[in-house]
Structures are given as C-alpha cells and as structure tokens.
Amino acid sequence: MASLSQRAMSGAAPKEHRIDVSEESYLEGLNEAQREAVLTTEGPVLMLAGAGTGKTKALTTRIAHILASQRAKPWEILAVTFTNKAAREMKERIGKLVGGELEGLRWTGTFHSVAANILRRHAEIVGLKPSFTIIDTDDQIRLCKQVIEAAGLDEKRWTGRGLAAVIDGWKNKGQTPSDLPPHEADLFADGKGIALYREYQERLMTLNAADFGDLLVHNISIFRREPEVQAEYHRRFRYMLVDEYQDTNVAQYLWLRLLAKGGDGEVPNLCVVGDDDQSIYGWRGAEVENILRFEKDFPGAKVIRLEQNYRSTAPILAAASAVIDNNQGRLGKTLFTDQDGGELIKLRGVWDGEEEARTIAEDIEAEQMKGRSLSHMAILVRASFQMRAFEERFNTNGIPYQVVGGPRFYEREETRDALAYLRLVRNVADDLSFSRIINKPRRGFGDKTLTQLSVIARQNGMSLAAAGQLMLETNELKGKAKTAMMAFLASLERWREEAEKTAPAPLAEMVLEESGYTDYWKNSKNVSAPSKLENLKELVNAASEFETLEGYLDHVSLVAERTSDSEDGQVWLMTLHAAKGLEFPVVFLPGWEEEIFPSKRSLDESGNAGLEEERRLAYVGITRARESCRISFAANRQVYGRWQNALPSRFVDELPEDQVDVLSEPGLYGVSAKEMPAQSRFADLVLEETSSRYETPGWKRARQHGRKRNADPSIEGTARLVASSAPGDETFCKGERVSHKKFGLGTVMRSEGNKLEVEFDEVGNKKVIASFLSAA
DNA sequence: CATACCAAGGTTTTT
DNA sequence: CCTTGGTATG
C-alpha cells in the first residue's frame, strides 16, 4: 500500500511508468475468487458476482492488472456500463489502483456514449452527418405524434407515447424497419406500425438526429454493412469488459457480439460481470437470457463465482437466499459470510400506510438516539406513490430526508426550453427545437401559423426557419405573426454571430434574456416559477464548465443526471430500482403486500416472468442492508386516494421463519391488540356504539368475492389512537386521529373522561360517528 | 387566447 | 385523490 501512495505522489514520473505497479500491491486484500477474476485475462469470462461480493473491486482491479502487465494500452480496452455514475466510479477506482490520473481510457463509458463516439466517426454509412443531434424521450414522443398526425390516424386511439414505446421495443431488439417480420406491424395502429416506424426514421434523418435506441442500432448497421469497420474495432478492443451484463438488451448483446467476434474464430477476451438474480430491468428490454446463455454463446467461457459477501449479516443473507430460491432457471450462487450472528429480519404488520410511516419514523428516531447517522438508513419502496406517506410523516416529525430519483434536471420543462433555444442557435434547421420555442414566450405565433409554416417547409424541403424567411419574402405573413417572425429570425441570426465569439454561459444568459424567456417565467403566476428561474440559473452555471456550445449540448444529451447533493444526516428515500448498487446499515422495506409488491401490473402483463423479476427486486432490496432489514406490510392501503384491503405479500411467506422476528402481525382487517408490542404508547378503545351500521369498502369487496373474512362489520371492535398531539400521553384529546379496524381513520370530536366521540373520515359517501369507551 | 370543464389514467428508469 | 391532456367556450 505504501508503494502505491508514494507512486501517486511522485507526479513527475511519466505515464508509462505510473501504471507499472507490482502485482502484489493490487492483489492485496482480494479473496481467491476475486484473484482468479483478475488474473484470468484471456478468453471469455463470466464473472457471477452476487450482491456485496466485491464485484466492482474485482472488475477495476482486472483492468488495472491488464494495464500494469502491459497487456494493453488504455485505449485498447472497451469497458461499458449502464450509467454515467458507474462509468465515473470505475475510472476513479482504476486511477486509484494504478496511481494518479489515468489518461486514455477513451472507450470506458456507458453503452450509449461509446456507441455515440463510434457513430460520430462513421455517421455517413447510415446517412447521418457527423454533427447529428441526439434527441431525448420528449422529442421522440413529439416526433412520433407528428408522424401519427401526418398519417391521419386517430390521435386519441394512437398516441405518440404509444408509438415511441413500440419503436423503442423494436430498437431494444436491434431491429430496423426492414428487419421486422410483417406481423410485427400489428403491434400498432392496425398493422401500420412498421410504416410509421419507417416514416419516423426518415424524419430523424431529415433532422440529422438520432434517438437513444438509434445509437446502438446504427452501430450494428455500420458493423454489418462495412466489415472493415467492424474488423477495425474488433482489433482495437483487445480486452472487453461489460458491467451489469444481466441488464443488457438484445441490441446491446448484438453490438457486443459484433465487436467480440472477428471473422477469425479466435476466442475474444470478453469479460462480462453480472448477477442473474439482480436483473430488474426486463420491462425496458433487458434480457436475463443473455447472461444465462453466455457459456453457449462464447464456448470455452470460464465461469467465476464471487460468493463471499462482505456486506450483510448472516440473517440478511439467509433471508435473501430463501426468497430468491423460489425462482426457476437461475445460474445458482450461494452467498456466504464469515461473520456470525446479527439482528434477525424484523417483520411488522400494521393497520395502514400511515401507521407504517409512523412506526418507521419512530424506528428511525430510536436508531438516531442510539447514535446512528440518518444517512445510514434508507427506505426502499416499490413504487414512487408510496413515498408520499413517508414524506408527510418525516415533515411532521422533522426528520430530514433526501429523495433519490424523480424528474431529472435536464428533463424539466424550463431546461428543455432553454436548451431548445441554444440548439436552435447552433443549428437553425433544428425543427424540433424551433417548434418548441417559437411561441414560448407568446409571440402571437399560434398553432395555425405553425401548421402553415410546416406545410411550406414540407413543400420546399426546407427547415421551419427557412420557411419563415420565405414567408416573409413572399409577404404571406400578416400583422402580429409577421413582426414576430421577423424579430425572431433577426435575433436568431444575431445570437448565432454572438455564439462564435462568446462562451456558452454568457451566451445562454444573453439568449434567455433577450428572447424574453426569463421574463416569461418572472411574470408567470405558476407556483413553481421561482424554482424554474433557479433552474435556469443553474443551467447557465453548468454551461460555464464548457468551452464550446457543442461540447455543452453533447454533454447534456448523454448525461441527463441530476446534481445529486447527497447530504449527511438525511434519511434516504428511494425506489428499489434506484437502490441497486447501493448499501445501507439499516434498510426499511415497506409495502410488502400482494398487488403492491409483487406489483399487480407486473404480474398481469408478464405472468410468471414478471413475478420472478419482482422477486429479484425483493432480493435486491434485502441485500441492500448491512446490519438491519425491516420489512413491513399493512392491512389497508390507500392507493391514489382509494382505500383498499391488502394481504401480506407472498414474499413475506417466503422469508425463513428462523431468521425473522415478528413484531406484530395483523389479521386481515386489523392489528390485534395482544400482538402489539408491550411498549406501545397507544391505548386500546372498545367500541360502544355507532350511529349507523357500516361496511368498509374492503369488507364489501371480500364479501363480493367470497373471500375468507375474520371480522363482521356489525360486531364491535377496537380502535387505537394513531396520532397523538402529546406523544406518551394516553388521554385522547380533541383533534387527535384514531384508527379503527372497520371504520378506518377518524378524528376525536369530544372527549369526556374515558368516553369519546369520534368522527370517521368519509368513506363510501357515508359519515360515521362512533362513541368509544377507553378499555384502560 | 385564456379559462373552464371533462375524461382518463396514475410501476419500475437509463441513455 | 390529483395531475394531465384534450376539447369547449367566451
């Protein structure tokens, strides 16, 4: 280790020498399997790396080893990941291993960025200019909408979003319009799908643009059409590494194959790393089969299993293994750990989502009292709507939290508008950008004029901006539209001149100011206008890191990530998908109920395959925990404002009994008092009378479906205080909230001695008022 | 062109 | 329940 840091400090050494690190120094601290994964450099390798087994360490050390042993130069290594974050981390860690800044890893990046680089060099082969723009999902949908409109289809029945999804599906499979078998057209608009796809591709060509899927599909076309080009890259990439191989789609698989397999039949030095148990992106085209099939695809492949887990305690691993064991067709791995003991999985059944949020908040506060940092705890939900309950609870309790995910910076309306202005400055022919901002702010240039404009553009085969110029010359525009167009085109021209001598940041500021876009938001009554103005400032800020407008625009197309200001002392709140690759000492997994998790839609759409993917998600969730994993489920859940009855998830049943500590277990309709933990500060109430007989929606549903039920709505039950104005105080005061297993939530209206009157929230259009006697 | 009203639909997410 | 996108209306 000492030699490493010394080396890092001796900045004067030439680069070649810097990567001359001795084997011992980087193999230090690796276990046997990891060493094998590092040292087996030749031939195909499948590194099966379970959760928390030091995958990134093995992967980065492998690259460091290839470099240090002079097997290849940095630019002869292709290393692809899915996210920019993963790529950045990989580069950083290799840099640390070989000492100092590492230059020349030109082909280390995301699938899309590497493919974009290749495409820029050979764009002409597929009919693009090297300066092509990369359009994002939003533009893609708008373009699809235009295609549907032009085809004269019913726009309500066939949406742009729908077409974009179908096209994406085809591109994920690496299929161009001519690759598709005719019956595939049935997927959209009664057999017109393929024609629409073709039309969409033609429009992209006219715009000199490519969408994300195109980056790979065009690469594949290039390699297939020009064997010399393929051979060139095949020779160049002497070592290839792929991270998260279980998440690759067909297009990515084909792309890799073309790069890995030359015509010579020799064995490629391709190392793929992944975990079939963590494949959770099937819904966006990932194929677990790619990893399951690897040994057949690349004969002679060496399979190396990383199974020693350095992250979690034995009970956590046992629980995760027991759950994932219910899946069929796994490659099979058994995680093990050196450590003994550890806290059992905590399982808690609660009355409803609010109680769940409350108990988790209490748990968090208790952990905090024990000295645990808030940022060491995370709540991982299945779907984002589940976050609301936690956010509300954390706000009332004053627990700071940070949400991971959500709309990203470069996808926000104002950012996209601003970028459209800049794109238009760079390229007046960018019609998508033109139509986006021509009337934003309002210039009296409405839909009608825009349609007129696009007709003329279409007829003359010119851009919208050129058509505008033409209409001015032929005097076809009148009044407001004329002045507006004239002023707009003049500004555009001026900005373009300015762009040549001005840096991106001041240019952006100038364009936004002079176009009136900033004022547009300043004068807006929109509640989010202030934050939008903030974002515009941030955008200008971000631009200041770039020297050219081109560089900046390229960056934003491929790196759409949020500025993640991870703060210490904040609880993490995110979806299970967002949690992949992360770990926390304490993990809360709420909402383990049938129809929520596993998600009903997933099961409806993909049947058993969907269920298995949901189960992998459960596996990912559990294995995020280092020390403590707390799973909970509710008997009633509010989904989009509707109350529904819930059953514990089947995954709860799959947990091994001997590894689980059951804190409370509600029946179908409520939490039974005797199963409540003794330290509960919430008193039980006995129902005395109600103003009317009442049937909850959940009970009604159960009756209609003939499901087993363990409570009768006409029989008295118990209620508990769920939100107290003075925690610890067991008396019930006016305004406090009460939960009852039949009537749901209510508010205390009157309280006299141990008798109180509760008004329940309106459910099913009936207001229920009930009186209670305190049991205590 | 701004506002009003209605119907639909509301997992997961990267590039 | 609440947001969104579309159409209808002044």
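Order of the sequence lines sets the chain letters (A, B, ...), proteins ahead of strands, with each chain counted from 1.
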Might you list the N or O atoms of the protein lying below 3.5 Å from N or O atoms in nucleotides 1-4 of chain C, with each pair's distance?
none

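- Closest to the side chain of Thr83(A), out of dT13(B), dT14(B), dT11(B), is dT14(B).
- Among the heavy atoms of the strands lying under 4.0 Å from Thr110(A) are primed sugar atoms or P, OP1, OP2 only; no base atom is included.
- For Tyr281(A), there are no side chain to side chain donor-acceptor pair (under 3.5 Å) partners, not counting sequence neighbours.
- In this structure Asp168(A) satisfies the salt bridge (Lys or Arg N to Asp or Glu O under 4.0 Å) test with no other residue, sequence neighbours excluded.
- In this structure Lys129(A) satisfies the side chain to side chain donor-acceptor pair (under 3.5 Å) test with no other residue, sequence neighbours excluded.
- Distances shorter than 4.0 Å separate none of the side-chain N or O atoms of Lys145(A) from OP1 or OP2 on dG5(C).
- For Arg423(A), there are no side chain to side chain donor-acceptor pair (under 3.5 Å) partners, not counting sequence neighbours.
- Atoms OH (Tyr281(A)) and C1' (dT15(B)) sit 12 Å apart, rounded to a whole Å.
- Considering only side-chain atoms of Arg601(A), the nucleotide from dT12(B), dG10(B), dT13(B) that sits closest is dG10(B).
- Within the 4.0 angstrom heavy-atom criterion, base atoms lie near Ser602(A).
- With sequence neighbours excluded, the residues satisfying side chain to side chain contact (heavy atoms under 4.5 Å, CB included) with Ser602(A) are Ser599(A), Glu614(A).
- Applying a 4.0 Å cut-off to non-hydrogen atoms, the residues of residues 605-614 of chain A that approach DNA chain B are Glu605(A), Glu614(A), listed by residue number.
- Residues passing the side chain to side chain donor-acceptor pair (under 3.5 Å) test with Trp255(A) are Asn219(A), sequence neighbours excluded.
- Contacts classified as salt bridge (charged side-chain N to carboxylate O under 4.0 Å, His left out) and involving residues 105-122 of chain A (residues at least two apart or in different chains) are given here: Arg120(A)-Asp554(A).
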